[in-house]
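Comments concern the structure below.
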Amino acid sequence: MLLKKNKEWEIYKNITPERVFINRRSVLKNLGFAALSTNLLMRTAQAAQNLYRNNLYPVKENKKYFIQENDIKGGIRKLTDEYKVTNYNNYYEFGTTKNIKRRASKLLTSPWTISFTGMIDKEFEIDIDDLTKRVALEERIYKLRCVEAWSMVVPWSGFALKEILKIVQPQPKAKYLVMKTFFDPDNVSSQRQDWYPWPYTEVLTIEEARNELSFIATGVYGKPLPNQNGSPLRLIVPWKYGFKSIKSIVSFDFVEERPKTFWEAIQPKEYGFWANVNPEVAHPRWSQARDKDIGTNKMYDTKIYNGYEEWVSYLYKSMDASDSLYR
Ligand SMILES: Nc1nc2c(c(=O)[nH]1)N[C@H]1C(S)=C(S)[C@@H](COP(=O)(O)O)O[C@H]1N2
Ligand SMILES: [Mo]
């Protein structure tokens, strides 16, 4: 019967704050569903929320940031196939291969509480589906350039990160925005491996977070974000290597001192804090001069700031142009 068969669902019941879960449960109890299992309840909630999210998309495209480019033989670059975007992923919480879709599908993304803390007007928590009501959703086509020298062109749906800053109003003392992915070692087995500094953590300067390109994606290809791409919300900073674009965010913390990011803690010389794309600064073990489109395997000359120089170069003008800006 259902209960036994779906035991695996229990694996990911986790990230729900106890409080929210208990409320949901008592509501359903009153409706006469007391006998329903925890698992079934949670899947029911998720299914209802999926329906709600499906109806948010597609959203209107913002064409301002679209960049056309040619491959090294002169062919015009097209969008990467949806299939590739959603089947070739980096998401270490679910494994170290690109093929993590099935495992990631077990993650429950509703309810999904996000906390806003630190040096802001007032600390608070909000569910993702309430947050998306408070921002303007739009679609943007961005290039994603992984530090592993592959790239994709992806139509993301979501909203500008600066909209969050408008809501939370960081204090002048706040210098950095720290974002974290869920941490659930009981249910996500990789997070019991203590050689990784879980949870996945990424940091931007407040000026970078305010940059008009910084984007929070909640959808892709005109649909809600699939789990493997970082549902229900992930960062996209297209002028930086892909590892900066943290998935499945649960917290935004505004701080004065910069903490170490996940990759900085593992290997700072290769995957540093700034990680701005630069074809002239090689990774210690390979060239960054070109990137290969996933899907077509066509080669592109990598551009400074991944082609987004006109929007972001001012951020780094006054800084020492050492290699660490580009790793
Ligand atoms: N939480 C989390 N976020 C993450 C990663 C990860 O392993 N865990 N991988 C990063 C890397 S290395 C890349 S290239 C992009 C890949 O995003 P995609 O799978 O949607 O293409 O996600 C980034 N965000
Ligand atoms: Mo990456």
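Side-chain atoms are counted along with the backbone in the values below, which use heavy atoms only and exclude waters and symmetry mates. Counting from 1, the numbers follow the sequence of the chain as shown. Values in this document were obtained by computation on a predicted structure and should not be read as measured data. Whatever order the structure lists ligands and atoms in, that order sets their numbers, starting from 1.
The proximity of Lys244 to ligand 1, defined as any non-hydrogen pair under 4.0 Å, does not occur for either the backbone or the side chain. For Tyr91, heavy-atom contacts with ligand 1 shorter than 4.0 Å involve the backbone as well as the side chain. By the criterion of a heavy-atom distance under 4.0 Å, neither the backbone nor the side chain of Glu148 is placed next to ligand 1. Residue Asn90 touches ligand 1 through backbone and side chain together, judged by heavy-atom distances below 4.0 Å.
Near Gly242, meaning under 4.0 Å from one of its heavy atoms, ligand 1 places the atoms 10 (C), 11 (C), 13 (C), 14 (S), 15 (C), 22 (O), 23 (C). Every atom of ligand 1 is numbered from 1 in the order shown, and the set under 4.0 Å from a heavy atom of Phe243 is 10 (C), 11 (C), 12 (S). Counting atoms of ligand 1 from 1 in the listed order, those under 4.0 Å from a heavy atom of Asn229 are 18 (P), 20 (O). Heavy-atom proximity to Tyr92, at under 4.0 Å, picks out these atoms of ligand 1: 6 (C), 7 (O). Residue contact check: Asn89 has heavy atoms under 4.0 Å from atoms 18 (P), 19 (O), 20 (O) of ligand 1. Those atoms of ligand 1 that come under 4.0 Å of a heavy atom in Leu144, given as number and element, are 21 (O). Numbered from 1 in the order shown, with element, the atoms of ligand 1 that lie under 4.0 Å from a heavy atom of Thr181 read 1 (N).
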Query raised in the report: When you look at Tyr196 and Phe262, which way does the ring pair (Phe, Tyr, Trp, His ring centres under 6.0 Å) test go after all the steps?
Result: CA-CA 8 Å; Tyr196 282 131; Phe262 179 81; 5.8 Å; yes

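Between the choices Phe182, Tyr200, Tyr196, the shortest heavy-atom distance to atom 10 (C) of ligand 1 belongs to Tyr200. With Ser245, Ala104, Cys146 as candidates, the residue nearest to atom 14 (S) of ligand 1 on a non-hydrogen basis is Cys146.
In this structure, Asp71 contributes its side chain and Gly75 its backbone to a donor-acceptor pair below 3.5 Å. No donor-acceptor pair closer than 3.5 Å links the side chain of Ser287 to the backbone N or O of Ala282.
Ranking the protein heavy atoms by distance from atom 3 (N) of ligand 1 puts Lys247 N, 3.1 Å first. Regarding atom 17 (O) of ligand 1, its nearest protein heavy-atom neighbour is Arg234 NH2, 3.0 Å. In terms of protein heavy atoms, atom 8 (N) of ligand 1 is closest to Glu93 OE1, 2.8 Å.
In this structure, Tyr142 has its ring center no closer than 6.0 Å to that of Phe66. Outside the 6.0 Å centre-distance limit, the rings of Trp239 and Tyr308 are not counted as a close aromatic pair. Between Trp263 and Phe273, the ring center distance fails the sub-6.0 Å criterion.
Residue Trp156 places no N or O, backbone or side chain, under 3.5 Å from any N or O of ligand 1.
Note on Arg134 versus Glu163: no salt bridge recorded, every NZ/NE/NH1/NH2 to OD/OE distance being 4.0 Å or above.
Side chains of Lys101 and Tyr91 form no contact here, defined as non-hydrogen atoms less than 4.5 Å apart. For the pair Val178/Phe252, no side-chain contact is recorded, criterion being any heavy-atom separation below 4.5 Å from C-beta on.
Checking each of Val135, Asn211, Leu177 against Leu161 for a side chain to side chain contact (heavy atoms under 4.5 Å, CB included) leaves exactly one that passes, namely Leu177. Only one option out of Tyr241, Tyr316, Tyr314, Trp311 pairs with Tyr305 in a ring pair (Phe, Tyr, Trp, His ring centres under 6.0 Å); it is Tyr316.
Judged by the shortest distance from any of its heavy atoms, Glu202 lies outside the 4.0 Å radius around the atoms of ligand 1.
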